[in-house]
Amino acid sequence: MSLPMIHILNGPNLNLLGRRQPEIYGHETLDDVGRDCAALARELGVETALFQSNHEGGIVEMIHTARDAASAIIINPGAYSHTSVAILDALNTFDGPVLEVHISNIHKRESFRHHSYVSLRADGVIAGCGTLGYQLALRRVVALLAT
Ligand code: DHK
C-alpha cells in the first residue's frame, strides 16, 4: 500500500535559502529542508516531495498538481503570502490539510508582512521557528491526516 504523500511548496526567493539574508532565514538550504523532512516523513510513515517556484502561476500549478497527487500541502508562499488571491483561490480547491510556514516571524517584521491571504485557508500557521517550522508542520499534517 502506498504511503500518504505530502507536498511541500515554496515560493519566490526560497531557492536562495541558506545564502539569502541568513540573519533572517538561517543557514540551511532548501535541499537541507527537503532532506530533513524526508527523513522525518520516513519515521512518521508518510512521503514528502518538495517543490519551489519563483512565479505566482507556477505555485498555482503546483497546487493544482497536488490536488491529485498529495494528501496534504505544506506551503511557504514567500512574499506571495501577502499579495496573492490567486494562490488562496488555488488552495481553496484543495481538499486536504494545508499548513502555512514562514521561516521568520512575519509579525515581528514590516507591517506589510503581517497579513497573509493564505492564512484564510490554512489549517495551521507556523512562523518564526526557522526551517524547523517545516518539520513542525509535517508533524501537524500527519496528525490531521490521522483524525
Ligand atoms: C519568506 C519570504 O520570502 C518573505 O517574503 C515573507 C517568508 C516571509 C518566511 O519567513 O519564510 O514575508
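First listed ligand is number 1; within each ligand, the first listed atom is number 1.
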Spell out, yes or no, whether Ile106 and Ile87 are grouped together once hydrophobic residues are joined by side-chain heavy atoms under 4.5 Å, including indirect joins.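 They do not share one cluster, since no chain of ILVMFWY contacts under 4.5 Å joins Ile106 to Ile87.
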Is there a continuous path of hydrophobic side-chain contacts, each under 4.5 Å between heavy atoms, that joins Tyr134 to Ile75?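 Cluster IDs for Tyr134 and Ile75 differ.
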Which residues satisfy the ring-ring contact (aromatic ring centres under 6.0 Å, His included) test with His115, sequence neighbours excluded?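 Testing His115 for ring-ring contact (aromatic ring centres under 6.0 Å, His included), a comparison that skips the adjacent residues, returns Tyr117.
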Verify whether one side chain among Glu100 and Ser116 offers a donor that lies under 3.5 Å from an acceptor in the other.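 Yes.
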As a test of reading the model: which N/O atoms of the protein lie under 3.5 Å from N/O atoms of ligand 1, and at what distance?
residue  : atom   : partner : partner atom : Å
ligand 1 : 3 (O)  : Arg20   : NH1          : 3.1
ligand 1 : 3 (O)  : Arg20   : NH2          : 2.9
ligand 1 : 5 (O)  : Ala79   : N            : 3.1
ligand 1 : 5 (O)  : Arg113  : NH1          : 3.2
ligand 1 : 10 (O) : Ile103  : N            : 3.1
ligand 1 : 10 (O) : Ser104  : N            : 2.8
ligand 1 : 10 (O) : Ser104  : OG           : 2.6
ligand 1 : 11 (O) : Asn76   : ND2          : 2.9
ligand 1 : 11 (O) : Ile103  : N            : 2.8
ligand 1 : 12 (O) : His82   : NE2          : 2.7
ligand 1 : 12 (O) : Arg113  : NH1          : 2.9

Atom pair CZ (Arg67) and CE (Met62), whose distance is rounded to the nearest 0.5 Å: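 Here the interatomic distance stands at 15.5 Å.
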Would you indicate whether Arg140, at its atom CZ, is surrounded by more than 12 heavy atoms from other residues, nucleotides or ligands within a distance under 6.0 Å?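 Not more than 12 within 6.0 Å, no.
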